[in-house]
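Whatever order the structure lists ligands and atoms in, that order sets their numbers, starting from 1.
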Amino acid sequence: SCEIYRLDPEKPDRRAVERAAETIKRGGLVAFPTETVYGLGADALNPRAAARIFEVKGRPPDNPLIVHVSSLRMARLVAAEIPERALKLVEKLWPGPLTVVLPKSPEVPSVVTAGLGTVAVRMPAHRVALEMIEAAGRPVAAPSANPSGRPSPTSGEHVVRDLDCRVDVILDAGETFFGVESTIVDLTRTPPVLLRPGPIPVEVLEKLLGERVVVPPEARGLRASERPLAPGMKYRHYAPETPLILIDGDPRAVERVIEAAVREAVKARGMRFALAGPDELVDTVASMLLRRGAKPAWIFRLGPLYDTTVAARRLFKTLRRIDEVGAVDVAIILPFPERGIGLAVMNRLRKAASRRVEA
Ligand code: TXA
Ligand code: MG
């Protein structure tokens with residue numbers, strides 16, 4: 001059994017937050033909202049509590065957790081040092097959707113960092129998260145609150161469904177703001193390396209750092225290498241049950257390949273496909289397919305082509321919907337431009353896709 005509290009994100013009930021903080025302090029698990037996605041949190045300094053996170057999530061033990069803090073002082077406790085370079089970023093971007101990878105301090109148990117000498121640290125910009133960490137008085141280790149491999153939860157409802165009360169407390173504050181996970185940058189390398197794109201664009205990091213940030217193909221979701229830069233990179237992620245075929249590349253080139261892709265996807269008579277992607281593109285492609293006698297069973301408009309913040313917000317909810325609407329055998333996803341948060345959207349789609357077709 002678990003306790004579920006519904007909270008106003010602007011004015012969270014003090015008692016519920018305290019209850020969550022106490023639960024963290026005594027080694028329990030709390031699902032909580034952040035501005036990106038919901039997290040599944042435990043005391044980052046308690047190895048047994050942190051180990052429970054891996055158990056509940058079904059997470060491979062070699063995939064480290066992000067440590068959430070509510071102050072710079074707390075960040076100094078978990079990182080061996082906060083170099084000048086890191087300060088340039090966190091002074092401007094914390095609290096916010098940025099995670100920095102730094103040398104780890106001995107305080108952090110190795111189960112949290114999966115045995116690495118580094119630690120990923122972030123200060124979330126959500127009142128509930130900040131107040132809970134502050135009240136607990138210790139850093140909180142938390143991955144996204146989904147079962148390993150599945151789309152991340154962007155609402156309290158998702159969390160309640162996903163976790164099925166296998167945690168002690170769930171704080172439900174409705175929908176999250178950004179809808180995709182934080183940007184992760186590795187500051188232990190020179191030049192810094194983008195490990196995961198998120199709401200903070202690379203261009204912003206480069207401007208604040210005054211140096212180039214390397215964007216490896218893995219950060220675009222393009223190659224699951226043998227020796228991944230971040231342990232999490234080698235796993236398939238964010239995937240619904242329904243197979244996804246991603247039409248990848250320049251959105252303007254999609255029409256050239258879409259018909260063949262649909263024909264290949266819909267192998268048998270009676271197979272039903274869903275179509276999802278940028279509004280404008282989905283509309284033109286759907287009417288083109290309709291003229292050729294191929295009708296999508298479902299259409300999901302993710303948002304405008306050139307304002308990818310909307311698609312980011314709707315992404316994981318839509319991936320879940322594709323499974324829920326029923327009787328969809330395969331989903332065909334159309335691409336977004338990789339600018340700004342669009343890079344994060346494409347990274348998640350490539351990792352979720354069972355197949356990619358180059359446009
Ligand atoms: O927005 C977010 O970051 C959310 C919310 C809950 O804060 N959290 C999140 O955690 O997305 P998770 O566990 O789903 O993703 C953490 C990623 C993984 O890919 C992991 O491999 C990487 O961070 N990571 C953690 N520690 C690392 C380290 N020391 N070095 C490199 N990568 C690390
Ligand atoms: Mg995750």
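Within the listing of ligand 1, atoms 28 (C), 29 (N), 30 (N) sit less than 4.0 angstrom from a heavy atom of Leu116. Against a heavy-atom cut-off of under 4.0 Å, Ser182 is close to the following atoms of ligand 1: 1 (O), 2 (C), 3 (O). Ligand 1 places these atoms under 4.0 Å from at least one heavy atom of Thr36: 1 (O), 2 (C), 4 (C), 5 (C). For ligand 1, the atoms lying closer than 4.0 Å to a non-hydrogen atom of Ala120 are 25 (C), 26 (N), 27 (C), 29 (N). Shown in contact with Gly39 at under 4.0 Å from a heavy atom are these atoms of ligand 1, numbered in order with element: 6 (C). When each atom of ligand 1 is checked for a heavy atom of Thr118 under 4.0 Å away, the hits are 28 (C), 29 (N), 30 (N). Of all the atoms in ligand 1, the ones that sit under 4.0 Å from a non-hydrogen atom of Asn63 are 18 (C), 20 (C), 21 (O). For ligand 1, the atoms sitting less than 4.0 Å from at least one non-hydrogen atom of His68 are 5 (C), 6 (C), 7 (O), numbered in the order shown with element in parentheses.
Metal site remark for the Mg ion (ligand 2): Ser144 contributes an N, O or S atom at a distance under 2.8 Å.
In terms of heavy atoms, Trp298 sits closest to Arg272 at NE1-NH2, 4.2 Å.
Backbone and side-chain nitrogen or oxygen atoms of Lys57 are examined, and none is located within less than 3.5 angstrom of a nitrogen or oxygen of ligand 1. Here's the thing with Glu181: none of its N/O atoms is less than 3.5 angstrom from an N/O atom of ligand 1. Residue Tyr38 has no N or O atom closer than 3.5 Å to an N or O atom of ligand 1.
For the residue pair Glu181 and Ser152, a side-chain donor N or O sits within less than 3.5 Å of a side-chain acceptor on the partner. Inspection of the Ser182 and Thr36 side chains reveals no N or O donor paired with an N or O acceptor under 3.5 Å.
For Ile184, the closest heavy-atom approach to ligand 1 falls below 4.0 Å. Look at Glu35 and you'll find every heavy atom at least 4.0 Å from all atoms of ligand 1.
Shown here is Lys317, whose NZ atom has no more than 12 heavy atoms of other residues, nucleotides or ligands within 6.0 Å.
For atom 10 (O) of ligand 1, the nearest non-hydrogen atom from the set Ser144, Ala31, Pro97, Ala129 comes from Ser144.
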